[in-house]
Number of protein chains: 2
Amino acid sequence: MKQKSAPKIIDVARVAGVSTATVSRALSKPESVAKSTREAVLAAAAATGYRINVAARNLRSRRTGAVVVLVPNLGNPFFSQILAGIEATLSSKGLSILMVDTMQSGTRLDFIREYVHPSRADGVIVLDGSLPQDLLRPGGENGKQVPVVFACEWHPHEDFPSVRADNGQGARLAIEHLAALGHEKIGYVNGPEANVLSQFRLNATKKALADLGKTVNEHWFLKGDFTLQSGVLAARKWLDMTDRPTALLCANDETAIGLISELHQCGVHVPDELSVVGFDDVDIAQHYIPALTTVWQPRFELGTTVAQMLVDGISQGDLNPDAPVMTLPVKLKVRKSTAAPKPVASKTTAATTAA
Amino acid sequence: MKQKSAPKIIDVARVAGVSTATVSRALSKPESVAKSTREAVLAAAAATGYRINVAARNLRSRRTGAVVVLVPNLGNPFFSQILAGIEATLSSKGLSILMVDTMQSGTRLDFIREYVHPSRADGVIVLDGSLPQDLLRPGGENGKQVPVVFACEWHPHEDFPSVRADNGQGARLAIEHLAALGHEKIGYVNGPEANVLSQFRLNATKKALADLGKTVNEHWFLKGDFTLQSGVLAARKWLDMTDRPTALLCANDETAIGLISELHQCGVHVPDELSVVGFDDVDIAQHYIPALTTVWQPRFELGTTVAQMLVDGISQGDLNPDAPVMTLPVKLKVRKSTAAPKPVASKTTAATTAA
DNA sequence: ACGCTATATGTAATCGATTACAATTGCAAT
DNA sequence: ATTGCAATTGTAATCGATTACATATAGCGT
């Protein structure tokens, strides 16, 4: 009795004694058919084991039910929680996620370009602020545009809608915290220079320092690239300095952890000899030793928010024209990696004991 | 001159002065058309800005060009590197990734079921060993099956092809290392009981202890669930013990880190008072303080391997019938969280100095 | 010169749903 | 009773590519 090939809509129609149009309606807009018919169709669908052919529906209805997510680096745990938020929202709307790692696929931009197209996806979420922008506006002015929204990162000179954390406020809170502890010599370990977040956090840091009347010493501003290793290198540079800052804000938690671990290797204790602040509040941060003082970002919420923004844009047929930029609040989590600076050596020396 | 709607294959055909069949062939199997025609078609495609309609191709060719990846928890960084490996391999084959978080979508199994279907995906990669198996064999014996492969985790009583790390060897190496350091009282902090990895590592741990003639004391075997918090709880349980183990192997790095951080809070020093071994070697592990001794898993390679296995299965039209289980080797990374046990207090006390 | 094969291309059916439009029915208002 | 409207359902065109099959052309051996 079993059919060789998968049941199609016409098989269901036959069993239910209705037309294919009715089956289609009963399944996709149940309220548009009579109750009795709906039940008959549902029963027939169950009886035949019918499963819709997604390609056929997509072709005819000119939708895809999918959203492309362009992630800079899937291996980076920072993005995984944002992805989780995106997934939660999109799956609740019946949309699926096409994931593309722009690092991996980076050698062939054409590969990515293929995804930014109405026949592929109903929308695009970009977590990578450094993609060439022409890639996101395919076909210039003509043809249908796929709605594009940014999360976390963004294009500095473009006006795509975006959701981001309040990076400026985060840097300011961190600097104010260090200043309140009594630090006068405060530095910063940057992320990649090409990255908007790095630059934004860097500028906000300098602004906050200036506003507080603190020295902005370029020697205390170190390069980095968001990796653990760049924290290690920053530690070595700090060790080599003659006039060292007493506190360092890092562009992210990885950098802060690499920094602290290398200092530990070299017998330098945090926060006694240097206060360190991270950025992001990854899960490990509060379980690091010392527990990391850091700027918390609502990562899961960033994901749900950007997904919702895109869903709204898709259903409106177009994105909100005034290119909204949503900025979500951050929080400073004060833990154990920051403390008042050590009293200057030339004065009275009451040796501080380490735990 | 610009057309309102996106150019279709027939527009390209007109410009190139050939039929749609020829255009299709020129684009998908270039070697099957004459060189001159191919060039004309490519030029016409470029001139019109033609982009293929994926839904149409999928419908006709009965393929999807997509692979579904079922991830237990996207927010867990452990999976992100495996995903990166999967992405690298699949994207190089022109396949896209449909990502589904089985935790998020877990409330509705039907939602997941929808993805395990030939019209959705050409294959499925499962990273979650606890999914109901009927979900992965839709339609019982009839109908086309979608190839399914497992990575990391697997179904204990099923014979799907799978790729996994050598968890048994990992546990054995860890126990042998602790034994070699002189530990006699060795415990284990488990992951979720329902998880195959937890159980596998647990059993291998017990076996290794028995083989080495060490005590297997059930009081030293603690429950856990792979989270940082479960490490914290394990630490408290350890503190409450009267007869404490001198070394603990943890089911994963998160647990180990939670454990160490809580002990640190309580003034207990690792490894002086307790040796701790993790499992997985997440990026942070070597930058933790103390640097974590742990079992390294080839996570990226797990991803590339399982993806390759699936790709082979798809192209063969069927998966290797003898349900191959590939086991990738692990390595023990000895760092600073393990040391010889403290000499018994009643004996001579030569206080060991900590770095 | 003839037939045969190999190569290249064209014609049109096909994949399986959605949906515009038409048709039917029931019911209320006139 | 007749008309009008709303609610259901059916008929058939349609989405845009792929591909089985048919056809045309060229090269080759005898």
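Lettering follows sequence order; numbering is per chain, from 1.
As rounded to whole Å, 4 Å separates atom P of dG16(D) from atom NZ of K8(B). In this entry the distance linking CD1 of I52(A) with P of dC15(D) reads 19 Å, nearest Å. At whole-Å resolution of the value, CZ in R120(B) and P in dG16(C) are 17 Å apart. Atom CD1 in I9(B) sits about 19 Å away from atom P in dT14(C), given to the nearest Å. Taking atom CD1 of residue I10(B) and atom P of nucleotide dT18(D), one finds them 14 Å apart after rounding to whole Å. As rounded to whole Å, 12 Å separates atom P of dG16(C) from atom CG of L59(A). Rounded to whole Å, atom P of dT9(D) lies 13 Å from atom CG of L27(A).
For dT18(C), its base never sits under 3.5 Å from the side chain of R57(A) at any donor and acceptor pair.
Side-chain contact between P118(A) and V146(A) is present, with at least one heavy-atom pair separated by less than 4.5 Å.
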- Item | Under 4.0 Å protein heavy-atom contacts per nucleotide of nucleotides 6-12 of chain C, with B for base, S for backbone only and - for none | --SBBBB

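Remark: Y50(B) is not in phosphate contact with dG16(D), judged by side-chain N or O atoms under 4.0 Å from OP1 or OP2. Contact annotation: R63(A) side-chain N/O to dT18(C) OP1/OP2 distance is not under 4.0 Å. Between S24(B) and the phosphate of dT18(D), there is a side-chain N or O to OP1/OP2 separation shorter than 4.0 Å. Distances shorter than 4.0 Å separate none of the side-chain N or O atoms of R60(B) from OP1 or OP2 on dC15(D).
With respect to R14(B) and D11(B), a salt bridge is recorded, a charged nitrogen being found less than 4.0 Å from a carboxylate O. Using a cut-off of 4.0 Å between Lys/Arg side-chain N and Asp/Glu carboxylate O, D312(B) and K93(B) are scored as not salt-bridged.
S32(A) meets the side-chain contact (heavy atoms from CB on, under 4.5 Å) test with R25(A), K29(A); sequence neighbours excluded.
Each end of the helix from dA1(C)-dT30(D) to dT30(C)-dA1(D) gets its own rotation axis from five pairs of C1' atoms, and the angle between them is 40° to the nearest 10 degrees.
Remark: L328(A) CG is packed, more than 12 non-hydrogen atoms of other residues, nucleotides or ligands lying under 6.0 Å away.
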